[in-house]
Amino acid sequence: MMLAGVSLCNAQEQFTLPSTNIGGNYPRIMNDNSVVFRVRATDASQWKISLDADCRFQKQDDGSWLAHTKPLVEGFHYYWFSVNGVDFSDPSSRSFFGCGRMTSAIDIPEKDCHFYDCKEVDHGQVRQLEYFSPVRKKNINVWVYTPAGYDFSGKTYPVLYLQHGGGEDETGWINQGKANYILDNLISDGASREMIIVMTNGTFNIPGAPFGYSIDGMKPYEKELTETLIPFIENNFRVKTDRESRALAGLSMGGGQTFFAGLQHTELFAYLGIFSTGVFGGIRESSSFDAEKAMPGLISKADTYNKSLRLLYISVGTDDPRITSTTKAVETMRSQGLNITFNSFPGDHEWQVWRKSLHDFVQKIF
């Protein structure tokens, strides 16, 4: 039997199992990074897979159904099955909060890329807490990474406030981004300072409050960060409280939060990391970017920002729709006197780019 041009024999024999599987033998990643899925159903002939619009399930002799996608790019992919317009998760894969909902995902390993693997090194802990937000008038979840030995060292640590993107939550940087393993490995190699990382739910749905890539649109986040979250962390963890020991970074929406909140509070943060944001354009909601208009004083007082910030870091994926507008904005701001560290990584608007952005950024701070 042939399956999408690949013999079923090869589909059975030449594969690796993704880390996102729930202990089973499917899905399978083939040598060319295509994926074979298996389901058990009365009739899956009309099921669709979001990863490949042309892919369909074919019934096998044992009664199961197999589907073989086109080759996928390396990195982390959300996906779902659809039948009669109804989307549902793959019971064989772990689900993650992304795209504004819990959904399946598959992680296609990048060849010779191991910086986010779980290695035999000392591991930190990820702690789940809640704090009350007067801005949102409810309890908010926050995940906090503490480096190995935190409970026994007695030391105080610098702290990175790290934000997720739109449609995700505080779980993203650990579950999808592997931030804890990235730090564990770098700290073990002596390539990064020990630090605490704070990851809060940054999605604000406040009736009547504006939202967008602007000072006013990010005002609720700025207010909660400065008046509630930072005091909560400093009251509950051994963190250093000077600006030289605080960093703020985020991806996509979180990059916008970093841009507008961080640049307004250089008295609190000496390091800012902006990953794949739409602030500079490249998305439907963005108009032409004017740095001075977006953040008054950013260009006219560039020397002040250069003295205040030890690092203003911007990154984006080479295939991200934001790449052209981001590189243009960086070139313009640099020509106008602002010091910026810029990097790009292969990939679209996705977690492999953000893993690499974090890996690069944390080696430059503190």
Side-chain angles (χ1 to χ4, degrees), residues 160-168 172-173 177 200 202-204 209-226 247-266 268-269 271-302 304-306 308-309 311-345 347-351 353-354 356-358 360-361:
L160 164 62
Y161 293 85
L162 184 62
Q163 289 304 124
H164 61 83
E168 297 164 346
W173 270 112
T200 189
T203 300
F204 286 73
F211 177 81
Y213 286 139
S214 67
I215 290 176
D216 288 341
M218 296 298 180
K219 184 62 67 176
Y221 170 77
E222 176 209 349
K223 182 176 178 63
E224 183 172 302
L225 171 70
T226 59
L248 178 64
L251 70 91
S252 196
M253 180 187 75
Q257 292 171 329
T258 299
F259 182 90
F260 289 105
L263 288 173
Q264 289 184 84
H265 290 284
T266 56
L268 296 177
F269 302 101
Y271 309 87
L272 301 178
I274 300 166
F275 313 151
S276 304
T277 185
V279 169
F280 311 120
I283 60 174
R284 184 177 63 254
E285 294 83 1
S286 295
S287 58
S288 179
F289 177 70
D290 182 321
E292 183 69 16
K293 182 178 179 180
M295 182 59 59
L298 183 59
I299 301 304
S300 59
K301 299 179 181 178
T304 299
Y305 279 98
N306 291 339
S308 298
L309 292 173
L311 179 66
L312 176 56
Y313 179 97
I314 297 174
S315 68
V316 67
T318 55
D319 297 316
D320 194 317
R322 299 152 185 78
I323 181 68
T324 300
S325 54
T326 299
T327 53
K328 179 181 177 181
V330 169
E331 291 170 359
T332 300
M333 289 186 288
R334 280 175 167 172
S335 70
Q336 294 171 329
L338 195 63
N339 293 339
I340 297 173
T341 297
F342 175 75
N343 209 343
S344 60
F345 302 98
D348 202 326
H349 199 67
E350 48 93 6
W351 276 103
V353 170
W354 304 326
K356 292 180 178 179
S357 296
L358 179 65
D360 190 34
F361 178 71

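To the nearest 0.5 angstrom, E292 atom CD is 7.0 Å from L298 atom CG. How far CG of L162 is from CH2 of W354: 12.0 Å, rounded to the nearest 0.5 Å. Between atom CG of residue L225 and atom CD of residue Q257 there is a gap of 9.0 Å, rounded to the nearest 0.5 Å. Taking OH of Y271 as the start and OH of Y161 as the end, the distance is 15.0 Å to the nearest 0.5 Å. With rounding to the nearest 0.5 angstrom, the NZ atom of K328 is 6.0 Å from the OG atom of S288. Note: S344 OG to I323 CD1 = 5.0 Å, rounded to the nearest 0.5 Å.
Across all non-hydrogen atoms, the minimal contact from G202 to M253 is O-CE, 3.6 Å. Heavy-atom minimum distance, I215 versus F260: N-CD2, 3.6 Å. Heavy-atom minimum distance, T277 versus S252: OG1-O, 3.4 Å. Scanning all heavy atoms of the two residues, the minimum distance from A249 to F361 falls at CB-CE2, 3.8 Å. Closest heavy-atom contact between Q336 and A302: O-CB, 4.2 Å. Across all their heavy atoms, I340 and I314 have their closest contact at CG2-CD1, 3.9 Å.
Counting heavy atoms from C-beta on, the side chains of S276 and V353 come closer than 4.5 Å. The side-chain heavy atoms of F289 and T332, taken from C-beta on, include no pair separated by under 4.5 Å. At least one side-chain heavy atom of M333 sits under 4.5 Å from a side-chain heavy atom of F280. Using a 4.5 Å cut-off on side-chain heavy atoms (C-beta onward), K356 and N343 make no contact. Between T341 and D360 there is no side-chain heavy-atom pair separated by less than 4.5 Å.
Using a 4.0 Å cut-off between a side-chain N of Lys or Arg and a carboxylate O of Asp or Glu, R334 and E331 do not qualify as a salt bridge.
For the pair Y305 (side chain) and L263 (backbone), a donor-acceptor distance under 3.5 Å is present. A donor-acceptor pair under 3.5 Å links the side-chain atoms of N306 to the main chain of G337, judged by distance alone. Without hydrogens or angle criteria, D348 side chain to E350 main chain gives no donor-acceptor distance under 3.5 Å. A donor-acceptor pair is defined here as one N or O able to donate and one able to accept, closer than 3.5 Å; such a pair exists between the side chain of S325 and the backbone of R322.
A donor-acceptor contact closer than 3.5 angstrom is absent between the side chains of T258 and Q163.
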Full working for side chain to side chain contact (heavy atoms under 4.5 Å, CB included) between H164 and T203: CA-CA 9 Å; H164 61 83; T203 300; 3.5 Å; yes

Test log, rule side chain to side chain contact (heavy atoms under 4.5 Å, CB included), inputs T226 and Q264: CA-CA 11 Å; T226 59; Q264 289 184 84; over 6 Å; no

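Just one of V316, I274, L312 meets the side-chain contact (heavy atoms from CB on, under 4.5 Å) condition when paired with F342; it is V316.
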